[in-house]
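Below is one structure, written out as structure tokens; comments come after it.
All chains are named by letter (A, B, ...) in the order of the sequence lines, taking the proteins before the strands, and each is independently numbered beginning at 1. Predicted model only: the values in this text are computed from it and were never measured.
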Amino acid sequence: MRRVDPEEYAEAVLALVERVPRGRVTTYGAIADALHDRFGGGPRTVARVMASGAGGVPWWRCVRADGTLPPHLRDDARQAYLAEGTPLRPSGAVDLPAAYWQP
DNA sequence: ATCCTGACGCTAT
DNA sequence: AATAGCGCCAGGA
């Protein structure tokens with residue numbers, strides 16, 4: 001089943017990201033899995049939505065499967081995590097087991 | 001239609 | 001731990 005209305009898909013993704021509680025995070029893959037049955041698409045598709053449409057959503061609460069984010073977001077994300085007390089690992093990545101939030 | 005690119009993920013070096 | 005290869009999906013040139 002994969003009737004994709006890009007706009008609708010984007011909304012679904014952003015909606016999920018907005019639902020992530022303060023101090024917790026979810027992953028691209030998790031979101032992709034959650035929407036895959038209705039829209040198809042994979043982690044990259046989710047990432048595309050974030051890259052182009054993520055206005056007004058807590059984008060830093062959506063991280064890669066290893067708890068990191070691409071270099072150009074690391075700094076801002078870091079501030080956000082410190083600000084909202086997101087569990088971090090020494091490496092600077094998010095402590096997924098501790099902070100993971102399942103959509 | 002083809003090629004390139006990217007806020008991905010997993011396995012193998 | 002770091003790097004590389006491959007599969008994957010969708011958009012833009």
Side-chain angles (χ1 to χ4, degrees):
Chain A
M1 297 213 156
R2 54 197 69 183
R3 204 171 312 74
V4 184
D5 175 10
E7 202 174 308
E8 187 182 346
Y9 183 74
E11 273 180 48
V13 171
L14 298 177
L16 284 181
V17 174
E18 283 178 16
R19 281 183 58 191
V20 180
R22 197 159 178 280
R24 320 261 319 273
V25 300
T26 190
T27 65
Y28 297 99
I31 294 178
D33 286 344
L35 300 178
H36 184 274
D37 21 317
R38 287 173 287 161
F39 300 93
R44 315 229 23 185
T45 315
V46 174
R48 285 185 43 58
V49 173
M50 297 304 287
S52 48
V57 302
W59 53 265
W60 57 89
R61 294 183 192 156
C62 179
V63 304
R64 295 206 285 223
D66 61 0
T68 68
L69 278 175
H72 68 286
L73 296 172
R74 255 168 49 11
D75 311 283
D76 285 323
R78 173 88 185 204
Q79 302 311 313
Y81 297 146
L82 293 177
E84 55 186 76
T86 304
L88 296 177
R89 301 179 45 178
S91 58
V94 172
D95 183 0
L96 273 180
Y100 187 69
W101 178 84
Q102 171 78 2

(request) Measure from CG on L35(A) to C1' on dA10(C) and round the result to the nearest Å. (result) 15 Å

(request) Side-chain contact test, heavy atoms from C-beta onward, threshold under 4.5 Å: evaluate it for L88(A) versus L82(A) and give yes or no. (result) yes

(message) Restricting to non-hydrogen atoms, name the atom on I31(A) and the atom on C62(A) that form the minimum distance, rounded to 0.1 Å.
(response) CD1-SG, 3.9 Å

(request) Give a yes or no answer on whether the side chain of R61(A) reaches the backbone of V20(A) with a donor-acceptor pair at less than 3.5 Å. (result) yes

(message) Please find the pair of heavy atoms, one from L14(A) and one from G53(A), that lie closest to each other, and give the distance.
(response) CD1-O, 3.9 Å

(message) Nearest whole Å is fine: how far is dA10(C) C1' from F39(A) CZ?
(response) 15 Å

(request) Check whether the side chains of E84(A) and W60(A) place a donor and an acceptor atom closer than 3.5 Å, and report yes or no. (result) yes

(request) Mind calculating the distance between CG (D66(A)) and P (dT3(C)) to the nearest angstrom? (result) 13 Å

Can you name the atoms? Protein N/O to nucleotides 6-8 of chain B N/O, anything below 3.5 Å, with the distance.
| residue | atom | partner | partner atom | Å |
| --- | --- | --- | --- | --- |
| dG6(B) | N9 | R44(A) | NH2 | 3.3 |
| dG6(B) | N7 | R44(A) | NH2 | 3.3 |
| dG6(B) | N1 | R44(A) | NH2 | 3.4 |
| dG6(B) | N3 | R44(A) | NH2 | 3.2 |
| dA7(B) | N6 | M50(A) | O | 3.4 |
| dA7(B) | N3 | Y28(A) | OH | 2.7 |
| dC8(B) | OP1 | R64(A) | NH1 | 2.9 |
| dC8(B) | N3 | R44(A) | NH1 | 3.3 |
| dC8(B) | N4 | R44(A) | NH1 | 2.8 |

